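Beneath this line is the structure, given in structure tokens, with notes to follow.
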Amino acid sequence: MIKITLPDGTVREEQSGVTALDIAKSISEGLARNVLSAKVNGQVIDATRGITEDSTLQLLTWNDKEGKDTMWHSSAHLMAEALEALYPGIKFGIGPNIETGFYYDVDFGDYKFHHDDFSKIENKMKELAKKKSEYIRKDISKADALAYFTDKDDEYKLDLIKDLEDGTITLYQQGEFTDLCRGPHIPHTGFIKAIKVLSTSGAYWRGDESRKQLTRIYGVTYPKQKELTEYLEFLEEAKKRDHRKLGKELGLFTFSEKVGSGLPLWLPKGAELRERLEQFLKKSQKEQGYQPVITPHIGHKDLYVTSGHYAKYGADSFQPITTPHEGEEFLLKPMNCPHHCEIFKSSPRSYKDLPIRFAEFGTVYRYEQSGELHGLTRVRGFTQDDAHLFCMPEQLKEEFKKVIDLVLYIFKTLDFEDFTAQISLRDPEDHDKYIGSDENWEKAENAIIEAVGEKDIKTVVEYGEAAFYGPKLDFMVKDALGRSWQLGTIQVDYNLPERFELEYTGADNAKHRPVMIHRAPFGSMERFVAVLTEHCAGNFPLWLTPTQVAILPLSEKYNDHAQNLLNLLNKSDIRALVDDRNEKIGRKIRDNEMKKIPFMLVLGEKEVAENTVAVRKHGEGDQGVMSVEEFAKVINEEVDRQTASL
RNA sequence: GCCGAUGUAGCUCAGGGGUAGAGCACUUCCUUGGUAAGGAAGAGGUCAGGGGUUCAAUUCCCCUCAUAGGCUCCA
């Protein structure tokens, strides 16, 4: 007999070899029908696998992340079974579960795989799922595994087996399909009820671009059709919010082939929005003692040789610009920090001056591979809301915490409530990727960990995510649709001050080296505006939106009055426009609703006579009549509320 | 950069070896209105760019550029 401890603490005496499914059945049939896999002593295994020692047991269902993982992994096998049935002779790479769903990498040989094949695969999968084929685990020797896949002529599986140790190899079979797999899997295919093949793309075998590219087929499955439908609706909603689509519709930005790919052109509405964001941050930074600086868009190559950027990225950057006569080399600036270091050096610094905080909305240019470009989120020219703080080592932690406060204030103001701070440290396996001494790295990493420890924020640690000159605290934000974005970043840097030989005179009248903090709360204006647009679906907060109010005269008779009203609102710092087109009121309302303007004021005979406005709110409809003064107050109070100070 | 796709009017898209089509937007006129599309007329395109095949190419082929998806990358 063995002891099984359940999550609630109950301990059960069971026969050795009992399965999680057996235990689920003894609790209730309903539970047993929902068990996808089980966590035994912290390890996820098949619910149908025998347990032979004293264990803790957690039954995993669709409500557990690991349960979903199991289901989607098994779904990948089901898709492979369907694919093998439909396209005999194809070869399989890998087929894992991913954050939402799963994929399988397939070598179709000469067959050209198309979107038209999707429904065929879905139907076959549904047909196979109904058979409730059990997923059967088989331990197998390496020799047998090699023999099986040699026989099947699947070079990819053979490639995988080569790296496996004898005695650890398992196969899983369901129906007609057998795959090399360590599992775990759901008990049988009948759990998979709702199926959608989503998309296809190319993927190199083992992520190596020198190897063959396979066809990756993405899919997702759910235990209930309703959940699949909801997920597909979510994808639709994401499409509607796509900042590339909204950016076009709302006139925020555009691209031109002639200007060049990845080089955004900000249209008036977008530029207004962005300037407002910049003003907002500038005001907060002023309160925190930042000083503005401005630096040019290019810099001497030597500057980046000193900073280390040239050695690291020179070959993969825009190449140097050369002066016609002297042959001097200049680079488009990829970072603002070297310039700011030189500003620090421009005059002798005393410990009494520190911390010194130089802020600049600095536009930088980086060569991104053509396939990487994406709307405003991945571009070749962008503006960082950059600042570099130079401080004494003993000031570092406090200074770092102040920056965290600034970032949190910005997130709060812009309604990003769900975020995680990611502590990005060095790759412990590969210190060669980074510059600077181990000692400095440890100091920097500890400073971040300590500072974050004193703030009440959700944190994760990621190794290998640091910048080459220092560790970072990256803010990962979840938008309204639950998608994660990296926005702000704060970085501690002992290395650049050394490379640039930055110094200040201490109280002891000796020279000391400052520590540097790089930080960008928005990250880049381009990326931030993109994420914000998708987060609020183009319905920007009132204080930020380019046009707050549309004045809609009922007919041309009231156009003059509308103009007067416009002037009045402008005097109260309210951004408005008059829609004096020769159109009926219904039409004007529709068009301005679509432009997502927060307020509309309908103006007719009654309002003109009484000097009132009929207020209509975007998405909510008629709000009734009020005086102009009252309306101005409503707007201004709302704006003040949204931008409450740090 | 790589793979397979896409590129037709300002926008969304249809079409197809014989010198181009819709809806919306735009311009003009009519209409002067009460909370999500009033009516009519008009203008607008080197069918991404270049090369080839052909009597003839926007259509077929090749190259380049751009875009979306994914892979690799991201100071």
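All values derive from a computational prediction rather than experimental measurement. Quick note on labels: first sequence line is chain A, next is B, and so on, each numbered from 1.
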(request) Select base, sugar-phosphate, or nothing to describe what A:Gly604 touches, counting heavy atoms under 4.0 Å on all strands. (result) base

(message) Check the orientation of A:His388 and A:Phe390. Use parallel for under 30°, tilted for 30 to 60°, and perpendicular for over 60°.
(response) tilted

(request) Ignoring backbone atoms, test whether A:Arg590 places a side-chain nitrogen or oxygen under 4.0 Å from the OP1 or OP2 oxygen of B:C24. (result) no

(request) Report yes if some heavy atom in the side chain of A:Thr489 is under 4.5 Å from a heavy atom in the side chain of A:Leu473; otherwise report no. (result) no

(request) Could you grab the distance from atom NZ of A:Lys196 to atom CE of A:Met125, nearest 0.5 Å is fine? (result) 12.0 Å

(request) Report the relative orientation of the aromatic rings in A:His297 and A:Tyr365; use parallel for angles under 30°, tilted for 30 to 60°, perpendicular for over 60°. (result) tilted

(request) Side chain of A:Gln369 only, please: which of B:C73, B:A68, B:A36 is the nearest? (result) B:C73

(message) Side chain of A:Tyr204, heavy atoms from C-beta onward: which of B:C2, B:A75, B:G34 has the nearest atom to it?
(response) B:C2

(message) B:U67, OP1 or OP2 - any side-chain N/O from A:His374 closer than 4.0 Å?
(response) no

(request) State which of B:A75, B:U35, B:G38 makes the closest approach to the side chain of A:Pro334. (result) B:A75

(request) Look at all strands and tell whether A:Ser370 reaches a base, only sugar-phosphate, or nothing, counting heavy atoms closer than 4.0 Å. (result) base

(request) Check side-chain hydrogen bond (donor to acceptor under 3.5 Å, both in side chains) between A:Lys584 and all other residues, then give those that pass, not counting sequence neighbours. (result) none

(request) Could you tell me whether the side-chain ring of A:Tyr218 sits stacked on the base of B:G70, using a centroid cut-off under 5.5 Å and a plane angle under 30°? (result) no

(message) Once pairs are restricted to Watson-Crick or G-U wobble with both distances under 3.5 Å, how does RNA chain B read as a dot-bracket string, [ ] for crossings and | for other-strand pairs?
(response) (((.(((..((((....[..)))).(((((.......))))).....(((((..]....)))))))).)))....

Can you check nucleotides 42-51 of chain B for protein contacts, nitrogen or oxygen pairs under 3.5 Å, and list what you find?
none

